[in-house]
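The chains referred to below are lettered A, B, ... by the order of the sequence lines, with proteins before strands, and numbering in each begins at 1.
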Protein chains: 2
Amino acid sequence: MSYPFPTLTAEEAAELIQHEQNIGFSGFTPAGAAKAVPTAIAQKAIREHEAGRDFKVGVLTGASTGASLDGELAKANAVKFRTPYQSNPDMRKSINAGETRFFDMHLSQLQQHVRYGFLGNIDFAVVEAADVAADGKVLLTSSVGASPTYLNQADKVIIELNSYHPRQLLGFHDIYEPCDPPHRQPIPICNAEDRIGSQRVWVDPKKIVGVVETNLPDEIGGFTPTSDITQKIGENVAEFLASEMAAGRVPETFLPIQSGVGNVANAVLGAMGAHPDIPVFQLYTEVIQDSVIAGMKDGNIGFASGSSLTVSPDVLQEVYANLEEFQGKLLLRPQEISNNPEIARRLGIISINTALETDIFGNVNSTHVLGQKMMNGIGGSGDFTRNAYISIFTCPSTAKGGAISAIAPLCSHMDHSEHSVQVLITEQGVADLRGKSPEERAHSIINNCAAPEYKGLLNKYYNTAKSGHTRQSLDSAFSFHKAFMETGNMQDAII
Amino acid sequence: MSYPFPTLTAEEAAELIQHEQNIGFSGFTPAGAAKAVPTAIAQKAIREHEAGRDFKVGVLTGASTGASLDGELAKANAVKFRTPYQSNPDMRKSINAGETRFFDMHLSQLQQHVRYGFLGNIDFAVVEAADVAADGKVLLTSSVGASPTYLNQADKVIIELNSYHPRQLLGFHDIYEPCDPPHRQPIPICNAEDRIGSQRVWVDPKKIVGVVETNLPDEIGGFTPTSDITQKIGENVAEFLASEMAAGRVPETFLPIQSGVGNVANAVLGAMGAHPDIPVFQLYTEVIQDSVIAGMKDGNIGFASGSSLTVSPDVLQEVYANLEEFQGKLLLRPQEISNNPEIARRLGIISINTALETDIFGNVNSTHVLGQKMMNGIGGSGDFTRNAYISIFTCPSTAKGGAISAIAPLCSHMDHSEHSVQVLITEQGVADLRGKSPEERAHSIINNCAAPEYKGLLNKYYNTAKSGHTRQSLDSAFSFHKAFMETGNMQDAII
């Protein structure tokens, strides 16, 4: 590797960054996240704090990141502002303690909000790359996220040149940044696999103040195996989609799938692949997980477009060892393209996301435990759900051994309203909410999706309110949550 | 007028329609709504009920309609199912009494959900027209709404040929219906005034079973004049937008405005027109109201694209008397185009909608009084808010002489989440929520937007919860609403 930019240690790079500055880091999930420099910034923060000086920075990323970024910076209490998403235990703790101001955004909107100036000046971009050329062409690694925008908008750029990622990744990215209104044009993607941009990001080489050479793996843990519950949810999703095809409501050629992150999502993709009536399908999604690679190997998944390749270390090694085989099957895009409402609606994606909590009217809480504590953030679930051909939310009907019902009288926090949530699927069954009034929704969700031990309580709640389009009773709307806070079991709810 | 279709009386047309059938009516607001046939269907329903027979139909429209449609059918208890929106007192009563099942939809999604088969078969389209030709070309009247889709999808078509609307309306409509996934292409609108379709809707003439000739005005009432409160809200909006331009966050050429329906919206457009720093602007909106025509006459508004021309009878007469002057300044589109997320985001519209209720975290209730009773529906507010360049909600800070605070601890129903609501404006001031954490949002909304008599209570509520990203207290979240239900005054809330 040769480049005409100063080679810096991570510590030297961190020294360039000052208190109160905003940094746009690469990373959409831990895939492709900056690692060495944020850790060095955290160490600098600790030194500064020990010396009695304030030191906190604004941290903008693509989405969640790894322990070296969110974890180290949060533990060092070095983050004044965080957006758009996180999933690190230490960062979560800092946010819920009020130490870090967190702005929880629709991921598709991040890049344009940076360009519009809504999130302040970007002083530094710190972006992981597999290669950087003298003319400023940057080859990204296992994610794209918001890196093109940070590279373009930042005053100064630090590259983490990570030799863990092969330069043969050239061709796996499709970099496109739209003009802003009033000059924006249609984004010309009409099929999940359409390429519309360039293979590398171009950044003004004069802005590159240093290159930090590393060799570090993405900090991605393995996923827990499919359980009976998640397997059943997956089968229910697959069976529902097959029945929609049979009814003629989903085209025979099928539609691109968007699938959320986590174990339920892995089980859903596995079950879809195993279903005899579902043809080979494509993904137009944000995060490409292990199950996508498995589906490709099994011949069930033909193509996947996403913003990150977030797979277990051994799966990533397998992909990297067989890059030619995956060329033309995997494509990484900026998050404003992977999650774009225009594209989601045009392609007619089927969105499948996991709910933290739902209520009997079909509202969904994706973010807040008991309405107070931030879990991760809304992520891309809103981008896809609102614009899907069919929007599906999945969740196990209960948690903590039955002490929590995922279906409450009223969500303690709402991220997706009844207007956007079309189908709810648990291991118990399927509630198809399309065209249904609140009364019909409530019956469908309670009868088909709720756990048996909660059906009585939910029906009792519904029957408490005697009138109104939506039979909400403000007195006992949060009775499940209050019972859990008092006794540790929602079954003790008093309605 | 000559056409090779049977001329029917409204009563004869109503006789064609059977119990349990679904009817797609024209009408996006009372503008262009079918009038004679729905009234005759209501009369048929009364006769059938008196004879001891069931008679209820499914009523699909573009949005709200007039008294002859929603009013008469609701009073006759003739509606089994209603979608996507309504604002008629009798229909509202029927919905809240559980007599009519109401499915409250994002208006941009209606047409594709009909085509996808999610809302059942459309047995009849009953569409008001200014002209119908032998080859099946239909010239619509003062709205487009979902009429192209109903005409295309219905098994049979009844035309209400209303001579109240001049045939010189030819050229004021732009009819475009996208292909469905996987064949959909970009919708090629890049400027508010772009034309992409045809002037008339084509319907297979074999489906036209009859023409009912009428001469009936749209059932649109006058708007109440601007009050001190709405005037101040309008001025706050105008001043905020001017300051965004001055800060360089809104382009100097300005951006297209989407404006909701009602008196606040009229006041906002008036105040924007009067502001010296806001240039002549365009609207890309759903409903074109009186204030738009006034703005054009004053030279402040250059162009308006919408789905309906919903103006007072005297204003409509004025437009019709000067059609040549308004040709090229007014354009009516199908609601899936006027409200399209793809277009809203591409054009970078500034959305300005009215909230029924907000909370201190920036969530918005657009639909339900006290969480139970349906007011009108979400309409297009979600389509625009989610995809706007800047999304604004307005409302007076109080209602009923101060007994109701429009800003509650927690919305009793949620239609727009914190993730989509960027700016809240009351007569008290402006809360700019962009990039703000829940804590900052709460302070900004309470300090800038709440009425003075409620600031203490809202601050007390916020300080009740001591931890968490969002300091929600489920015990007193609905204390304002409960106080109102008990004493008639939210100021009696116990926190």
Side-chain angles (χ1 to χ4, degrees), chain A residues 83 95-98 101-106 116-120 180-182 184-186 188 190 248-249 251 253 255 341-342 345-348 363 368 371-374 378 382 386-387 389 412-415 417 419 434-437 439-440 465 467-472 474 477-478 481-482, chain B residues 95-98 101-106 116-120 180-182 184-186 188 190 248-249 251 253 255 341-342 345-348 363 368 370-374 378 382 386-387 389 412-415 417 419 434-437 439-440 465 467-472 474 477-478 481-482:
Chain A
T83 203
I95 288 166
N96 285 317
R101 295 183 290 111
F102 178 50
F103 181 52
D104 179 13
M105 288 186 76
H106 297 298
Y116 296 169
F118 295 173
L119 297 171
D180 289 329
R184 191 172 292 176
Q185 297 293 312
C190 295
R249 285 188 293 264
T253 50
L255 291 166
E342 170 178 341
R345 185 155 163 152
R346 183 183 304 143
L347 299 185
N363 302 295
H368 282 69
Q372 285 195 333
K373 288 204 188 300
M374 171 56 57
I378 192 167
R386 176 69 69 85
N387 298 289
Y389 187 100
S412 60
H413 183 93
M414 196 189 301
D415 297 294
S417 81
H419 311 286
R434 291 172 294 177
K436 287 201 170 71
S437 69
E439 180 174 7
E440 295 169 303
S467 72
H469 176 59
T470 298
R471 296 198 182 179
Q472 202 67 267
L474 298 184
F478 295 136
H481 307 89
K482 288 179 193 169
Chain B
I95 288 166
N96 285 317
R101 295 183 289 112
F102 178 51
F103 181 52
D104 179 14
M105 288 185 74
H106 297 298
Y116 296 169
F118 295 173
L119 298 171
D180 289 328
R184 191 172 293 177
Q185 297 293 312
C190 295
R249 285 188 294 264
T253 50
L255 292 166
E342 170 178 341
R345 185 155 163 153
R346 182 183 305 143
L347 299 185
N363 302 295
H368 283 69
L370 295 169
Q372 285 195 332
K373 289 204 189 299
M374 171 56 56
I378 192 167
R386 176 69 69 85
N387 298 289
Y389 187 101
S412 59
H413 183 93
M414 197 189 301
D415 297 294
S417 81
H419 312 286
R434 290 172 295 177
K436 286 200 170 72
S437 69
E439 180 173 7
E440 295 169 303
S467 72
H469 176 59
T470 298
R471 296 198 182 179
Q472 202 67 267
L474 298 184
F478 296 136
H481 308 88
K482 289 179 193 170

request  = Quick one: pull up NE2 in His106(B) and OG in Ser417(A) and give me the separation to the nearest 0.5 Å.
outcome  = 5.0 Å
ask   = Just by modelled atom types, is the Cys190(B) backbone N or O under 3.5 Å from a matching donor or acceptor in the Arg184(A) side chain?
value = no
task = Tell me, for Pro251(A) versus chain B, whether the close heavy atoms (under 4.5 Å) come from the side chain, the backbone, both or neither.
result = side chain
task = Under 4.5 Å heavy-atom distance to chain B, tell me which part of Ala477(A) shows up: side chain, backbone, both or neither.
result = side chain
request  = Would you mind checking which part of Thr253(A) comes under 4.5 Å of any heavy atom in chain B, side chain (CB onward), backbone (N, CA, C, O), both or neither?
outcome  = side chain
query = Phe478(A) versus chain B, heavy atoms under 4.5 Å apart: side chain, backbone, both or neither?
reply = side chain
message = If I take atom CD from residue Gln372(A) and atom CG from residue Leu474(B), how far apart are they, to the nearest 0.5 angstrom?
response = 6.5 Å
query = Hey, what's the ring geometry for His469(B) with Phe102(A), parallel, tilted or perpendicular (30° and 60° as the breaks)?
reply = tilted
ask   = What part of Ile95(A) is in contact with chain B, defined as an atom under 4.5 angstrom from a non-hydrogen atom: side chain, backbone, both or neither?
value = both
key: Region of Lys482(A) in contact with chain B, defined by heavy-atom distances below 4.5 Å   = side chain
inquiry  = Classify the ring geometry of His413(B) against His419(A): parallel below 30°, tilted from 30° to 60°, perpendicular beyond 60°.
reply    = perpendicular
key: Top of Met105(A), Met414(A), Arg471(A), His481(A) for chain B proximity - count of heavy-atom pairs under 4.5 angstrom   = Met414(A)
message = Measuring only between side-chain heavy atoms, which start at C-beta, is Pro341(A) closer than 4.5 Å to Asn387(B)?
response = yes
ask   = Counting heavy-atom pairs under 4.5 Å to chain B, which of Lys373(A), Glu439(A), Arg249(A) comes out on top?
value = Arg249(A)
